[in-house]
Amino acid sequence: MDLSIIIPLYNEAESLPELRSWIDRSLKDFTYELIFVDDGSTDDSWKVIEKMASETVHGIRFRRNYGKSAALYEGFAAAKGEIVVTLDADLQDSPEEIPEMVRMIREEGYDLVSGWKQHRKDNAITKNLPSKLYNWTARKVTGIKLHDMNCGIKAYRADVVKNIEVYGEMHRYIPYLAKNAGFGKIGEKKVHHQKRKYGKSKFGMDRFVNGLLDLMSLWFLSRFGKKPMHFFGTSGILMFLVGFVMTVWIIVAKLVHQAQGLRFRAVTDQPLFYLALVAVILGVMLFLAGFLGEMVARSAAERNTYQIKERI
Ligand code: UDP
Ligand code: MG
């Protein structure tokens, strides 16, 4: 089978039949399966999916709403196609983009092709502008040159989705997860974007705060997840050194003044003393965090998982 089309959805009943026929019209030249993942919808979405179900149209229904990441993860696990495509259910992404994305993977050797909603049809103030800022940050942190990291429409070589684990709300950073797993050839394709026709957006402004925090976590995990002491130890040593130098300075200054019979302040009377104190304590605490981190990393089940590309 050529393609697995994964569609995560939460309360999108009105859109589904139209989406289905749009996909069928766009993918005439391929063999494919559709995998609808109903993320705990409270409307009629599941009924609609039940009606469409067949040999090549599958449905997975969550007991409650777990979020888009969980839905994608479950879809990835079920996918059987040679190339896996994700698509939002709300008719904002056009399935007509899929054939070109598939061609890029097959002929140009991309591991992953992400859509780029260059002319995005959402609210300019609440979505488009923050999204630009967010993507700029994501580019700097991840080193992946994508304009629209969190675009709903993406195509992957099947290997990629079988070897990454999307959890929490990490669906925003799948390209970063892929890169960290060793799938570094990541491309993008400009895609048409439509206004939402039915229902409403499932994500509010909090996505940007949470998205940023997730980005920081991923950055930390990818660089120091397996060696936390390298991070905490380095900053701990620096802090400790700063505190140490200040302490020595305070003592020496006092001794010198004393020896020369000059006036001198009590050690606790000067601001530097408190700064030194804070720096030394912080240094010790950072070290402590490092040791704890090492213990956590060592006892993690996946402390030594890496992926082998091939053997001869
Ligand atoms: N979605 C989901 N679970 C959620 C929230 C959203 O499966 O908890 C689906 C949603 O139904 C849609 C896709 O994720 O198919 C993208 O969501 P949405 O269109 O609300 O995002 P936006 O286009 O506003 O960024
Ligand atoms: Mg949408």
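When a ligand or atom number is given, it counts from 1 through the structure's own listing order. Excluded from the calculations below are hydrogen atoms, water molecules and symmetry mates; all remaining heavy atoms, backbone and side chain alike, are included.
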* **Nearest protein heavy atom with distance in Å, relative to atom 1 (N) of ligand 1** => Tyr10 CB, 4.0 Å
* **Nearest non-hydrogen protein atom, atom 17 (O) of ligand 1** => Phe203 CE1, 3.6 Å
By number and element, which atoms of ligand 1 are closer than 4.0 Å to a non-hydrogen atom of [X]?
{"X": "Arg196", "result": "18 (P), 19 (O), 20 (O)"}
{"X": "Asp90", "result": "18 (P), 19 (O), 23 (O)"}
{"X": "Glu12", "result": "10 (C), 11 (O), 12 (C), 15 (O)"}

* Atom name, Asp90 (N, O or S, nearest to the Mg ion (ligand 2)) ->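 Output for this pair reads OD2.
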* **Sidechain N-carboxylate O distance under 4.0 Å for Glu97, Lys189** => yes
* Asked: In terms of side-chain geometry, is the basic nitrogen of Arg61 or Glu50 positioned less than 4.0 Å from the acidic oxygen of its partner?
  ->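 Salt bridge between Arg61 and Glu50, a charged N being under 4.0 Å from a carboxylate O: no.
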* **Lys/Arg cation over aromatic Phe220: Arg223, 6.0 Å, 45° cone** => no
* To do: Report yes or no: does Ser201 have an N/O/S atom closer than 2.8 Å to the Mg ion (ligand 2)?
  =>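 Within the cut-off used here (under 2.8 Å), Ser201 places no N, O or S atom near the Mg ion (ligand 2).
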* Asked: Hey, is ligand 1 close enough to Pro8 that some N/O pair sits below 3.5 Å?
  -> yes
* Report yes if the distance between the aromatic ring centroids of Phe76 and Tyr156 is under 6.0 Å, otherwise no. => yes
